[in-house]
Amino acid sequence: MLPASEPGPDRQDAASSSAFAELEREVSRRRTFAIISHPDAGKTTLTEKLLLYAGAIELAGAVRARHARRHATSDWMALEQERGISITSAALEFELQGRRLSLLDTPGHSDFSEDTYRALIAADSVVMVIDAANGVEDQTRKLFEVCRRHRLPILTFVNKLDRPSRDPLALVDDIERTLGIAAAPVNWPIGSAERFRGVYDIQRQTLHRYEREAQGQYRAPVELSSLDDPEAREMIGAEPFAHFRESLDVIREAGEAFDLEAYHAGRQTPVFFGSALTNFGLEPFLQALVDLAPPPQPHASDAGIIAPNDERFTGFVFKIQANMDPRHRDRVAFVRVCSGRFTKDMAVSNRRLGKSLKASRAYRFFGRDRETISVAYAGDIIGLVNPGQFAIGDTLHSGPPVRFPDLPRFPAEHFGRIRLRDQRYKQFDEGVRQLEEEGLVQVFYVAAGRREPIVGVVGALQYDVIVSRLRTEYGVEVAIEPAGYTAARWLGNWPGATPLPGGQSVVAADRQERRVLLFASKWELQYFERHHPDVVLLDESPMSG
Ligand SMILES: Nc1nc2c(ncn2[C@@H]2O[C@H](COP(=O)(O)OP(=O)(O)OP(=O)(O)O)[C@@H](O)[C@H]2O)c(=O)[nH]1
Ligand SMILES: [Mg+2]
């Protein structure tokens, strides 16, 4: 007989089936998505306004003015606020209509695209923002390709209708042709700029009137009336109304009708029009996110497909960020929970290290702000305090070992020599080490140059981030001077003496003393490859996976 204090088999079954029901329920109400686009299309503004409409913040911070009193929640970093651009992706979690939404606002600039790419991998769906004046821009196209590869469903928000815009038919055509995805307008704009009158909900046949509002800071009222109402024509004005009816007829006849399955398969994107800055068109968009965006999706691993409601906990680290909160000054590993339930203090294995650790401090994030959590479910993005055990791409799990695919690193294309301008070498070294751990830079040491490492970055704007963060977070002044290299290659399994690259190229080492060749030009790299056919050159550190 079982001791009285232990539940009998029936009660154990009941307990585990109710735990499973809870897991299913929690997973199915989660929606995790990333906002992407070319720089300046309005991702951060849209993020801020969605938070406002969801009731997650009181007052939207403006991205508009450099010296705005409040800053957008997702642009929390000092340099982001100074420049008015996003530099690093930000995670924001909030509740709406019984759903738990996790939003990742990503930077648009290609120099930060590695960070954006990783955020995309952590999401189940995507919001694509298009500037109505510019249509599909370069960086949007590139990020779209990543979405396509990962079959991510995409909702499109055509933004800035309060400014002079392209014809909506041309915009829809641009999305379809440039991206090769069907576009299904959910609503249709009436005019733009001074003549922007609102949007018409094609299916519900209702009109959302646009009214410019004081400073665009509070909820804009939404008025609905029928299109056939003569009042509608009057309200809009005869000429814009006629133009609108004409293009609406075209889209009704020739356009794609919304199809949930096609959207979920990434074959079709529903398109919404609006203006984030002036709070227009946000309610229907947010509602669509709640209603249409897919719940957490399964993940491929070396142990097969892992379903989100699989009871073992699995997840991967997609981002590391230090010093987010000046009061804590800690390093946080952002983890996408892929399956099961994470509980505080649980023993979590890190597949790369083959080690188990106790996750005693876990957070959920709202931009810079954090809140301690005791439980999380598949779909969530959680932050674990990282005293050095985590690296980007690490798989974490309970139960039997499992490993998710590596997150590819983008090879550095710009190289600079970083010079410390004061005496604080210890802080300098710590700062550089931290930025390396975050994946912001690759650090190389050429012979006898330990104090002045070469830093490799994907885009030159990252130099500014390095200088600014070393100053604000580590109190050291540095200068970065261009170094004449264009590519770094690790030596893969070469037992002998390092073959010399010649020309202006040099032999260097990374922090782990692995040998790296820094090539001064593509030509010198090709020359080396031709003359050393046996040497395997890797554009990623051989241990990074
Ligand atoms: N007129 C107008 N301006 C807008 C609108 N939405 C955003 N903006 C402005 O566009 C600029 C860029 O907005 P952000 O929200 O920072 O753009 P972003 O896409 O986050 O930019 P990155 O993160 O740097 O790629 C800011 O000056 C905004 O005020 C809009 O609906 N209308
Ligand atoms: Mg932004």
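Residue indices begin at 1 and follow the sequence shown. Atom set for the values below is all heavy atoms of this structure, side chains included, hydrogens, waters and symmetry mates excluded. Indexing begins at 1, ligand by ligand and atom by atom, following the structure's order.
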So which protein N/O/S atoms does the Mg ion (ligand 2) have within less than 2.8 Å? T44 OG1, S86 OG
Are F273 and W188 close enough that their ring centres sit under 6.0 Å apart?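 Centroid separation for F273 and W188: below 6.0 Å.
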Would you say the rings of F342 and Y377 are close, in the sense that their centroids are separated by under 6.0 Å?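 No: the rings miss the under 6.0 Å criterion.
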Does CZ in R99 sit with more than 12 non-hydrogen atoms of other residues, nucleotides or ligands closer than 6.0 Å? yes
Is the CZ atom of R252 crowded by more than 12 outside heavy atoms at less than 6.0 Å?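 Yes.
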Please check whether [X] reaches ligand 1 - meaning an N/O of the residue sits under 3.5 Å from an N/O of the ligand, judged on distance alone.
X: H38; value: no
X: D75; value: no
X: G108; value: yes
X: D40; value: yes

With backbone taken as N, CA, C and O and side chain as the heavy atoms from C-beta onward, which portion of T45 lies under 4.0 Å from ligand 1: side chain, backbone, both, or neither?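 Contact part for T45 vs ligand 1: both backbone and side chain.
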Ligand 1 contact on K160 by region, counting heavy-atom pairs under 4.0 Å: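 It is both parts that get close, each with some atom under 4.0 Å.
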Does a salt bridge link [X] with [Y], judged by any charged N lying under 4.0 Å from a carboxylate O?
X: R370; Y: D330; answer: yes
X: E239; Y: R195; answer: yes
X: E438; Y: R469; answer: yes
X: K160; Y: D131; answer: yes

Is there a side-chain contact between L461 and H109 in this structure, where contact means two heavy atoms from C-beta onward sitting under 4.5 Å apart?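 Of all side-chain heavy-atom pairs linking H109 with L461, at least one is under 4.5 Å.
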Any side-chain donor paired with an acceptor under 3.5 Å for D174 and T178?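 Side-chain D/A pair, D174 to T178: present.
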Only heavy atoms count here, so choose which of L46, L277, T106 is nearest to atom 3 (N) of ligand 1. L277
For ligand 1, which atoms, with element, lie under 4.0 Å from some heavy atom of T44? 15 (O), 18 (P), 20 (O), 23 (O)
